[in-house]
Amino acid sequence: MASRIPAAWRIGAGKFTMTGRLNFNHVNKSTASAWARCVSGSWTGSALISTPSASASASTSSRSTTTAWPPRLRLGSSGMAPLARSLFQRQQHQQRRSFARTIPCHKSDEESHHCPPNENPSILYKMVEAAATSLASILVLGLGFSIAAYVYHKSYKHIVLQKMSNAFEPGDPVLDLAAIGKNIPLSKTAAATHWIPRPEQDIVDDIVAGKEVGHYHLFIGEKGTGKSSMLLEAMRKIDGDGVAMFEAHADLEIFRIRVGKALDYEFHEDYIGGYFSERGPRDSTALLDIERALNKLEKVALKRRAKIGRPLVLIINQMHLIRDDEDGKDLIELLQQRAEQWAASNLVTMVFNSDDYWVYERLKQLATRMEVLSITDLPKNLATAALKNYRQRYFGEDLSNETLEQIYNRVGGRLNFLNRVAKSNDMLAMCDEIKQVEKTWFLNQCWILGEEMDDDVMDQQKWAAAAVVLATALVDKETIMEAAGSSTYDPVIGHVLPSYALHEAQQIMTRADFIRALDRLNLFSITKDAQVRASSVPMHLAFQEIVAQPGFREHLQATIDRIAAIESLGRTRELVAKDLVLGGHYEIRRAEKGKGVDVKLVMPEPEEDGEEKDE
């Protein structure tokens, strides 16, 4: 009977404690399974599992081949079932990975016992499984990030174009600021009471409304003639629909920011994708950023032209503020190239507004589709009529023709001067003040110092003397025109200021590089026809007062002579000979091959001692 008991059931397989109880912590799954089969009746016969005392009895009585089981411990009896179930349940909860190994089983005559599979995989299997898991995770994460980045990139580009398109919708911040600054209501009826009509206004209206296509435009004229005001008035009539306007600046970075503000373009400064690249879109210069903004504007113009059928209008005001250096020339060239290209394709009409002539010279070099519009002072009839209406509406004063004539004779048709005069209580005193301001500005910049000037200020005095000589020439030409019967004052048009052609003005000044600097300082003005004259009527009146001062021409001639003397000293080389003693002399000869001068000291020969004694 003992041979029919499995090896796992023999004494020692399930370890007994000294108390005779079975230690369940050392029983594995095979043992539990065997217990279950034993309880269910799979094992037959009467086998004895004895306690230590019973084992001792069995060893002393070797003749006893079997030992009777107590009724409650007999295999297959109902008393063993709870014990087996308890053993099986505790084994499930307290199994350890270190004991999960295969236990060899033995087949019985009646039923075979199958071993559980191997539960400890090899190291290679674990490495392959970990690598496959990691690769799958990386692929899933990479694919997810790629899709998210692609969607973000496309949506960002779409939002950029949408924002730029909204910048050309009706309503413009420039109009709001202009209306607030002048206390003017932003309405279509404001022009009837706050605006002076000009002959050029209809042309400007067609340009800003997009009706004038195929060209880009340059507005040129003196400061205060109303160029920006006409552009704002044209924008107000269409509520800024399809128009963007911004001010130029000498600093390219500030110019870039103003371009972005006008076009509602952030230059990729809010683009998150720049964090994941070594070189982001903003790692560039201001010119490249402006080029990117114009590229985006071109895409918006293409879509808008297909929808509306008229070009966009981009206005750059105060172009003269750009520096006349290499960076400024590059910027103007970039803008002009875009203007030429867009004018040919009717996508965008660019409008440049400048006070100085040098901008025209720079654009003239590459211009093929540029139209130049010269903005001058108002003619006499329009200026006096506007001034009379303004005083009557806001001051209740009906000005006489004589008063209007005096005001115009002193300030001319310059809009900013008329604006100051119209709001003043004493208009004639304000006219005199304006003339005095212009005179002081000229004297502070260009007054000459006379024959007592120091040679250290010669360079500045060259520039000042050239300006005074030109001002004197303009005053003298007015006298010549009046003597020849050519009037300098027309009853309808008004003042006709004397002028010289640009090349003649340079000849009078004996310098070709001074006149443009004087134009920037608003001392003289150069028209689009290259005519040089005083910058305004008050400035020309200041020239007359300066030239009419007693002793002015002598003072000017003394300054010119002093400048010539200093230049002569600079061209003269002095040779000082010292130590001419004992009858010595220098011999100066031209060096060989005509290069330089040889100077040699020749001393007389000493007399002999004998001759001295005889004497």
Side-chain angles (χ1 to χ4, degrees), residues 174-205 208 219 221-239 317 353 355 373-438 489-497 522 525 535-541:
V174 176
L175 295 176
D176 299 334
L177 293 175
I180 294 173
K182 297 181 180 180
N183 295 323
I184 298 175
L186 188 60
S187 63
K188 295 184 178 180
T189 61
T193 57
H194 295 86
W195 182 247
I196 301 175
R198 292 184 58 101
E200 302 88 355
Q201 186 63 50
D202 294 336
I203 301 175
V204 177
D205 291 344
V208 174
F219 294 175
E222 295 86 356
K223 181 182 67 174
T225 53
K227 302 183 296 299
S228 301
S229 299
M230 283 195 300
L231 290 171
L232 291 174
E233 175 66 16
M235 291 176 61
R236 187 195 59 80
K237 292 179 180 179
I238 61 174
D239 197 17
N317 198 24
N353 189 11
D355 295 349
L373 181 61
S374 179
I375 310 298
T376 59
D377 293 343
L378 284 175
K380 179 182 178 181
N381 55 350
L382 293 179
T384 54
L387 182 61
K388 183 175 182 179
N389 293 334
Y390 189 90
R391 295 291 296 191
Q392 185 176 6
R393 176 177 292 274
Y394 294 100
F395 289 86
E397 181 182 359
D398 190 9
L399 297 177
S400 62
N401 293 332
E402 182 181 358
T403 303
L404 294 175
E405 187 80 16
Q406 292 179 1
I407 293 174
Y408 182 80
N409 290 338
R410 297 184 184 187
V411 297
R414 187 66 52 88
L415 284 179
N416 62 341
F417 295 157
L418 291 175
N419 184 40
R420 294 171 59 185
V421 171
K423 295 179 180 180
S424 176
N425 294 326
D426 191 347
M427 292 184 292
L428 296 178
M430 178 58 65
C431 294
D432 294 336
E433 181 181 349
I434 291 173
K435 183 186 65 174
Q436 186 62 34
V437 169
E438 295 295 306
Y489 187 85
D490 186 88
V492 179
I493 299 176
H495 291 281
V496 180
L497 297 179
N522 297 312
S525 176
S535 62
S536 62
V537 171
M539 183 63 74
H540 185 73
L541 297 178

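Quick note: residue numbers are just sequence positions, from 1.
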Worksheet item: Which heavy atom in G224 sits nearest to a heavy atom in R414, and how many Å separate them?
Response: O-CD, 3.4 Å

Item to complete: Would you name the heavy atoms of F395 and A422 that are closest together and state the gap between them?
Response: CE1-O, 3.3 Å

Worksheet item: Hey, are the side chains of T376 and T225 touching, using non-hydrogen atoms and a 4.5 Å cut-off?
Response: no

Practice prompt. Please identify each residue that fulfils side chain to side chain donor-acceptor pair (under 3.5 Å) with N353, with sequence neighbours left out.
Written response: S228, N317

Fill in: Minimum side-chain heavy-atom gap M539-N522 below 4.5 Å
no

Practice prompt. Kindly compute the distance separating CG (N416) from CG (D377), expressed to the nearest 0.5 Å.
Written response: 9.0 Å

Worksheet entry | Y408 backbone acceptor or donor facing H495 side chain under 3.5 Å | yes

Response to the item:
Taken to the nearest 0.5 Å, the spacing of L373 CG from E200 CD works out to 6.0 Å

Practice prompt. List for me each residue that meets salt bridge (charged side-chain N to carboxylate O under 4.0 Å, His left out) alongside D432, sequence neighbours excluded, and say none if there are none.
Written response: R410

Discussion item. As an exercise, state the distance from CG of L231 to CD of E233, rounded to the nearest 0.5 Å.
Written reply: 11.0 Å

Item to complete: Any chance you could measure M230, atom CE, to R198, atom CZ, to the nearest 0.5 Å?
Response: 5.0 Å

Worksheet entry | side chain to side chain donor-acceptor pair (under 3.5 Å) involving R391 - partner list, sequence neighbours excluded | E397

Item to complete: Kindly write out the residues that satisfy side chain to side chain donor-acceptor pair (under 3.5 Å) with N419, not counting sequence neighbours, or none if the list is empty.
Response: none

Fill in: V492 vs P379 side-chain heavy atoms within contact, under 4.5 Å
no

Worksheet, complete the sentence: Heavy atoms of A383 and G413 approach each other most closely as CB-CA, 4.2 Å

Discussion item. For a 4.5 angstrom cut-off between non-hydrogen side-chain atoms, does D205 reach D202?
Written reply: yes

Worksheet item: Is it true that E438 and K435 make a salt bridge, defined as a side-chain N closer than 4.0 Å to a carboxylate O?
Response: no

Item to complete: Report the C-alpha distance between M430 and V411 in whole Å, list the side-chain angles of each, state the deciding distance to 0.1 Å, and finish with yes or no for side-chain contact (heavy atoms from CB on, under 4.5 Å).
Response: CA-CA 10 Å; M430 178 58 65; V411 297; over 6 Å; no

Fill in: Inter-residue atom distance M427.CE - L418.CG, 0.5 Å rounding
11.0 Å

Item to complete: Measure across Q201 and A234 and return the closest heavy-atom pair with its distance rounded to 0.1 Å.
Response: NE2-N, 4.0 Å

Contacts under 3.5 angstrom, residues 398-407 side chains, donor-acceptor by atom type, not counting sequence neighbours:
residue, atom, partner, partner atom, Å
S400, OG, T403, N, 3.3
S400, OG, T403, OG1, 2.9
E405, OE1, K380, NZ, 2.6
E405, OE2, K380, NZ, 2.6
E405, OE2, Y489, OH, 2.7

Worksheet item: Excluding sequence neighbours, so at least two apart, what forms side chain to side chain donor-acceptor pair (under 3.5 Å) with S525?
Response: E222

Discussion item. Using side-chain heavy atoms (C-beta onward) and a distance below 4.5 Å, is F219 in contact with V204?
Written reply: yes

Worksheet entry | P199 side chain reached by L382 side chain, heavy atoms, under 4.5 Å | yes

Worksheet item: About how many Å separate CG of L378 and CD1 of I493, when rounded to the nearest 0.5 Å?
Response: 13.0 Å

